[in-house]
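What you see below is based on every heavy atom in this structure, not just the backbone, and it leaves out hydrogens, waters and symmetry mates.
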Amino acid sequence: METKPRALPSALATALAFGASGAVLVLEIVALRLVGPYVGVTLQVSSSVIGISLAAIAYGAWIGGRLADRFDPRALLAPALILGAVGTAITLPLVRWGGEVLRGGAAPAVLLLAALAVFLPALVLSTIPPMVVKLQLADLSQAGTVVGRLSSIGTLGAITATLVTGFVFVAAMPSSVIILSLAVLLAVAGFALGWWLRRDLPGTPRIRASLAAVGLVGAGLGAAAPTPCDVETAYHCASVVTDPGRDGGRTLMLNSARHSYVDLNDPTHLEFEYVKWIGAVTDVLAPPGASIDALHLGGGGFTVPEYVRATRPGSDQLVLELDGGLVDLDERDLGLKPGPDLRIQVGDARVGLTGQPSAAYDLVVGDAFGHLVVPWHLATREMAAEVARVLRPGGVYAQNVIDYPPNRFIRAELATVAAAFPNVALIAPPAAIAGDRGSNFVILASYGPLPIEAMWPRLAALEEAVTVLSGAELDAFVADARVLTDDYAPVDQLLAG
């Protein structure tokens, strides 16, 4: 007669179910941070990481159940924890070396990089809960109670890990530290469990030693793997690159994209073409040198706020920037000096916008991005209505948008802004408007007449030719594009084209 493996103490079984499920969710959340520098932070990337994680959980649970029926689960639990630690440790080199090869936003690259980031350790760790369940099933009449209790405990572990990682870990330490710390914690738990079970399971130390050696190699590779970040903030992998062709020139890189350019010696120097277009707007918004009140949705490298500060002394400016860590980087490396004339409010731009008084600003600049995508909640009719509310009658809204052929997003965003403003115009290169290439587009909107004629000499003098669409030409370009709303704003899908 076969002897059933002895059950684990209830507290130990609870800890294993809670910890294994929690570790998988830590991996899932941090995976989004790891892959972002290489393939961006988009809905497709998030969906890929979540989908791959769920697939790993499903396959892991199935494999764990099969193994628990064929072998003594007590002999498998400690190796599973240690193997999970190994898989966690080698995530860093897999993603960082693989990411250099898979850069870009193509769907196959996104899926493969997501798999490298989370699949192996999540699969291994997901084998643990069904093994624990098998050990605790001493009486089939209590099967529902045992399975339900351990399932709920595993879910609570996942919830706890999600909240603690999102609110504490990501803000307190780099992703690499989170990953390596988790690997160490899993390894320690595995060896402690193996030691506790040593009398029941003779002969397993050799297996644990072999796995430990592999884990040490993985941890070493992870620590030595190249990192694309100078600083990892709560939202971005950020670095500052020196321009060898211009003394004082610095490029701010966020998640591998060139986000901002700053000249430390000359804040009036504007490098990126779309920033020059916005600069032309600020130049004609009021008489030369006159102060204005400006609100910036997104700070980035603070190029435009510093330009306004230099060209219109005494202006009152407020910048709504989501990433406090990015503000710290700007102060340290890009010469940012906040003051009474340039105030910074850390937080979501839309939340901050709703707290602003009506008719308070002459200029609102929308330049908030998640990688190359305008966050969807900043691209809706309701958002545009809030911008319209805070603008004075003669004020101008300048919104930066990136799109690619066939220009589905920029057309939809123009229709959306036009639903809140009576006067709208578009600045972009002719080839981008024709749908021949991707580009930045700047949308202008106002209650009153837009200063297009006053801007045109400045735009015509730029190195890259631009077209300004308004009136019937703009209507023809927008055509029947859908107005985006809080209820329906498929920004990422429109960009995917």
Side-chain angles (χ1 to χ4, degrees), residues 19-20 22-41 45-46 48-50 52-53 55-57 60 80-104 109-126 161-162 164-166 168-190 210-239 253-256 325 371:
V24 172
L25 265 294
V26 172
L27 287 166
E28 180 179 337
I29 293 173
V30 178
L32 289 167
R33 312 292 308 237
L34 294 178
V35 303
Y38 307 102
V39 293
V41 183
V45 173
S46 300
S48 297
V49 171
I50 294 170
I52 293 294
S53 299
I57 293 170
L81 284 169
I82 298 171
L83 190 58
V86 172
T88 299
I90 64 174
T91 290
L92 288 176
L94 286 176
V95 171
R96 288 179 172 171
W97 279 314
E100 296 296 335
V101 178
L102 297 171
R103 279 188 182 274
V110 171
L111 286 168
L112 180 55
L113 197 57
L116 292 176
V118 74
F119 186 80
L120 176 60
L123 181 144
V124 173
L125 292 170
S126 296
T162 299
V164 173
T165 304
V168 180
F169 292 161
V170 168
M173 62 187 75
S175 298
S176 56
V177 175
I178 298 174
I179 289 292
L180 292 176
S181 298
L182 179 61
V184 170
L185 183 62
L186 289 170
V188 170
S210 300
L211 290 174
V214 176
L216 288 173
V217 172
L221 289 173
T227 174
C229 314
D230 288 342
V231 173
E232 188 175 358
T233 71
Y235 297 92
H236 297 104
C237 168
S239 60
M253 306 291 294
L254 297 183
N255 298 324
S256 77
H371 193 55

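When side chains are defined from C-beta on, Leu27 does not count as touching Ser53, because their heavy atoms never get closer than 4.5 Å. Between Leu25 and Thr165 the shortest side-chain heavy-atom distance does not fall below 4.5 Å. Leu113 is listed as a side-chain neighbour of Tyr38, based on a closest heavy-atom distance under 4.5 Å.
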Worksheet entry | Residues Leu254, Cys237; criterion side-chain contact (heavy atoms from CB on, under 4.5 Å); working and verdict | CA-CA 6 Å; Leu254 297 183; Cys237 168; over 6 Å; no
Could you walk me through whether Val26 and Ile179 pass the side-chain contact (heavy atoms from CB on, under 4.5 Å) test, one step at a time?
-> CA-CA 8 Å; Val26 172; Ile179 289 292; over 6 Å; no
Using the side-chain contact (heavy atoms from CB on, under 4.5 Å) rule, take Val231 and Ser239 through it: C-alpha gap first, then chi angles, then the decisive distance, then the call.
-> CA-CA 6 Å; Val231 173; Ser239 60; over 6 Å; no
Distance-only criterion, 3.5 Å: show the donor-acceptor pairs between side-chain atoms of residues 85-95 and protein atoms not counting sequence neighbours.
{"unit_1": "Thr88", "atom_1": "OG1", "unit_2": "Gly84", "atom_2": "O", "d": "2.8"}
{"unit_1": "Thr91", "atom_1": "OG1", "unit_2": "Gly87", "atom_2": "O", "d": "3.0"}
{"unit_1": "Thr91", "atom_1": "OG1", "unit_2": "Thr88", "atom_2": "O", "d": "3.4"}

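Interatomic distance, CD1 of Ile57 versus CD1 of Ile52, reported as 11.5 Å (0.5 Å rounding). The distance from atom OG of Ser175 to atom CG of Leu32, rounded to the nearest 0.5 Å, is 10.0 Å. Rounding to the nearest 0.5 Å gives a distance of 11.0 Å between CG of Leu111 and CG of Leu102. Note that CG of Leu125 is 5.5 Å distant from CG of Leu186, once rounded to the nearest 0.5 Å. One finds the OG atom of Ser176 at 11.0 Å from the CZ atom of Arg33 (value rounded to the nearest 0.5 Å). Atom CG of residue Leu182 and atom CZ of residue Phe169 lie 9.0 Å apart, to the nearest 0.5 angstrom.
In this structure, the side chain of Glu28 does not engage the main chain of Val118 through any donor-acceptor pair within 3.5 Å.
Contact detail for Ala80 and Val124: the closest heavy-atom pair is O-CG1, 3.3 Å. Between Phe119 and Ala55, the closest heavy-atom pair is CE1-C, 4.2 Å. Shown here for Ser48 and Val110, the closest heavy-atom pair between the two residues is OG-CG1, 3.3 Å.
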